[in-house]
There are 2 protein chains.
Amino acid sequence: MNKPLLYPIRAVSKQTGISIETLRAWERRYQVVTPQRNERGRLFTEADVQRLRLLRQVVEQGHAIGQLAALTNEELRSLSVQPDEFADSYPAIRQLEPSTPEPGTEARSNWNAIDLARMMTSIERLDYAEVERELSLLAAVLSPRELVHRVALPLLQQVGEAWHAGKLSIGQERMTSSLLRNLLGAIVPLHRRTSPPARLMFATPTREQHEFGILLSAMLTAGGGLGIVYLGTNLPGEEIVKAAHQAAPQAVVVGLVGANGARVNQ
Amino acid sequence: MNKPLLYPIRAVSKQTGISIETLRAWERRYQVVTPQRNERGRLFTEADVQRLRLLRQVVEQGHAIGQLAALTNEELRSLSVQPDEFADSYPAIRQLEPSTPEPGTEARSNWNAIDLARMMTSIERLDYAEVERELSLLAAVLSPRELVHRVALPLLQQVGEAWHAGKLSIGQERMTSSLLRNLLGAIVPLHRRTSPPARLMFATPTREQHEFGILLSAMLTAGGGLGIVYLGTNLPGEEIVKAAHQAAPQAVVVGLVGANGARVNQ
DNA sequence: AATAAGGTGTCCAGCTTTTGTCAATGAATC
DNA sequence: GATTCATTGACAAAAGCTGGACACCTTATT
């Protein structure tokens with residue numbers, strides 16, 4: 001039989017990525033865990049460590065530790081968003097489409113249909129190189145605008161649907177996301193002007209992890225000959241304002257996803 | 001018959017990485033091991049050395065030597081890295097050893113220093129276009145390997161430090177991250193081969209959101225002429241395994257971040 | 001739009017215990 | 001004589017604890 005494994009605070013901090021100060025504060029204020037003590041200090045059990053890891057994950061996604069402390073591990077797990085990236089990023093992406101009357105299914109030209117179908121089979125095979133090849137081919141041929149509306153958005157939609165239908169695994173979905181992200185990120189700097197007539201700044205506020213919205217917007221903006229200042233996701237509101245003051249863009253684009261409890265503040 | 005190999009303290013120190021002083025202190029204070037003696041001094045057995053190695057490993061993970069001394073090797077082993085859920089649940093996945101030999105120590109003296117300093121001031125000004133310009137210039141000039149070791153990593157480090165010191169705002173830090181990510185993501189596909197001799201798969205496990213580690217690794221891999229299958233961050237372990245079975249890469253790279261800042265596991 | 005009120009991570013002061021390293025000294029070996 | 005190892009005592013750094021304070025964000029209120 002084996003003794004229960006016990007970890008001192010330093011080891012727990014290293015394993016969970018939570019600072020020692022924070023570990024103590026969480027315990028002091030919320031009794032998030034109640035480790036045993038010996039004369040030397042705290043001793044965390046394996047279960048404590050696991051719970052703390054879970055807590056960190058959920059906190060990183062924007063929840064408040066004070067609200068989490070009372071929850072069971074089960075409830076915490078149900079809060080963690082990991083498999084849901086597409087579930088909520090997709091509707092936001094659709095809103096982004098400027099002139100889409102309908103996702104009119106048959107309205108899509110067969111040009112795209114063929115390409116996408118082939119690409120979907122490559123995705124199913126996890127054939128990274130092939131998908132990459134096809135995507136970069138399309139990127140070379142199409143304008144940024146076309147790329148967004150005829151490739152990126154439809155592909156995201158199809159992958160999202162296929163994933164929901166259980167026809168694609170998370171790995172396949174993620175591979176596609178990564179590829180698209182790399183592609184879009186790569187295209188942005190290609191349309192650089194020396195002195196753009198105007199500049200836009202892109203960011204998403206705290207808790208908003210979904211990047212595709214602002215990334216696509218940034219790409220369209222750059223493709224349209226405007227300058228960009230791309231900050232990325234999950235910035236405190238104050239910081240966005242501060243950065244806006246410093247960079248002085250003509251406009252600030254803030255990405256939001258409606259579905260997931262995110263609330264619009266300004 | 002062969003006598004059991006016995007090592008003098010110096011040899012043990014070298015093998016275990018524990019200083020001679022510390023070895024003696026551990027023995028004196030905690031009887032962590034009790035080596036034999038001859039008129040010349042201590043003689044450690046192979047078993048002693050192994051136990052000492054184990055001890056060092058566990059101490060490095062944050063445990064106190066005083067608490068460890070009484071444990072059996074068995075117990076020590078169960079404390080060591082293995083709670084990392086991956087090591088035992090999914091033997092298919094192994095963390096790869098860092099293969100970084102050494103960054104050319106003297107070659108980078110003035111070259112990089114100047115570039116980074118200038119880039120830092122551009123970052124402070126939130127001058128997206130300028131940073132982008134400088135980065136893509138460097139990307140065009142340097143090899144992927146140099147780009148990683150002489151630009152990306154140093155820049156990430158400097159920005160991280162400056163941010164911690166309060167000299168950079170979150171916005172500035174995020175802008176730099178986004179730029180770097182776009183750049184690196186863009187470079188990956190440039191080094192594509194039609195039929196790479198081997199393929200590696202990249203992903204981070206569920207709680208790990210930090211992408212730079214695997215992204216840099218993927219870039220180096222692609223730059224080295226190997227094929228990649230890039231899945232991205234935050235994948236459940238089974239999914240990684242499933243994807244690995246399907247894509248059948250020669251190796252799987254799993255990114256992990258330790259407590260103190262970004263570490264590249266490649 | 002400005003202000004007030006929490007929530008939360010980090011730091012500090014003050015104290016104790018643990019732990020790595022060093023200095024001094026002596027013995028044995030080459 | 002130089003090197004290696006041993007022992008012992010001493011010391012400083014590291015690591016632990018508590019409670020309070022502070023700075024910063026977010027949210028609610030005016």
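Just so it is clear: chains get the letters A, B, ... in the order the sequence lines come, proteins before strands, and each one is counted from 1. Any value given below was found using the heavy atoms of this structure, including those in side chains, with hydrogens, waters and symmetry copies removed.
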Would you kindly give the CD-to-P distance between A:E39 and C:dT17, to the nearest whole Å? 11 Å
Pair B:E27 + B:R42, salt bridge at N-O below 4.0 Å: yes
I want to check one thing: is the phosphate of C:dG7, taken as OP1 and OP2, less than 4.0 Å away from some side-chain N or O of A:Y30? no
Got a second to check how far B:I123's CD1 is from B:L179's CG, nearest 0.5 Å? 8.0 Å
Kindly calculate the angle separating the two end axes of the helix from C:dA1-D:dT30 to C:dC30-D:dG1, each obtained from five base pairs, and round it to 10 degrees. 50°
Electrostatic pair A:E60-A:R56, nearest N-O below 4.0 angstrom: yes
Counting only side-chain N and O atoms of A:R37, is one of them less than 4.0 Å from OP1 or OP2 of D:dT18? yes
Among the nucleotides D:dT26, D:dC5, D:dG9, whichever has the atom closest to the side chain of B:R28 is D:dG9
To the nearest angstrom, how far is B:L52 atom CG from C:dG20 atom P? 12 Å
Below the 4.0 Å mark, does D:dC25 have OP1 or OP2 next to a side-chain nitrogen or oxygen of A:T206? no
How close or far is atom C1' of C:dG9 from atom CZ of A:R56, stated in whole angstroms? 15 Å
Base, sugar-phosphate or nothing for A:A25? Non-hydrogen atoms, less than 4.0 Å. base
Please state how far atom CG in A:L23 lies from atom P in D:dG16, giving the value in whole angstrom units. 11 Å
Toward the 5' end of DNA chain D, by each residue's nearest nucleotide, B:A11 or A:P8: B:A11
N or O in side chain of A:S19 less than 4.0 angstrom from C:dG9 OP1/OP2: no
Distance in angstrom units between A:E21 CD and C:dT8 C1', rounded: 13 Å
The residue, A:K242 or A:I9, whose nearest nucleotide of DNA chain D is more 5′ is A:I9
Write down the distance between CD1 (A:I20) and P (D:dA15), rounded to a whole number of angstrom. 8 Å
Look at the side-chain N and O atoms of A:R10 and state whether any lies under 4.0 Å from the OP1 or OP2 oxygen of D:dC17. no
Using whole Å, what does the distance between atom P of nucleotide D:dA6 and atom CD of B:Q36 come to? 13 Å
Give one of base, sugar-phosphate or nothing for A:E239, where a contact means two heavy atoms less than 4.0 Å apart. sugar-phosphate
Is there a donor-acceptor contact under 3.5 Å from the side chain of A:T16 to the main chain of A:L52? no
Between B:R40 and B:Q67, name the one whose nearest nucleotide on DNA chain C is closer to the 5' end. B:Q67
C:dT21 phosphate, OP1 or OP2: any side-chain N/O from B:T22 under 4.0 angstrom? yes
Considering just the side-chain nitrogens and oxygens of A:R42, establish if one lies under 4.0 Å of OP1 or OP2 belonging to D:dT18. yes
Quick one: does any side-chain atom of B:Q172 pair with a main-chain N or O of B:L126 as donor and acceptor, under 3.5 Å? no
At what distance, to the nearest 0.5 angstrom, does CD of B:Q50 lie from CD of B:E46? 6.0 Å
Quick check on D:dT7: is either OP1 or OP2 less than 4.0 Å from any side-chain nitrogen or oxygen of B:R24? no
Check the distance between D:dT8's C1' and B:R29's CZ and give it to me in whole angstrom. 11 Å
Are B:Q61 and A:Y7 close enough, and set up right, to give a side chain to side chain donor-acceptor pair (under 3.5 Å), and what steps lead you there? CA-CA 10 Å; B:Q61 282 168 17; A:Y7 302 87; over 6 Å; no
Are B:E124 and B:K167 ion-paired here, with the side-chain N under 4.0 Å from a carboxylate O? no
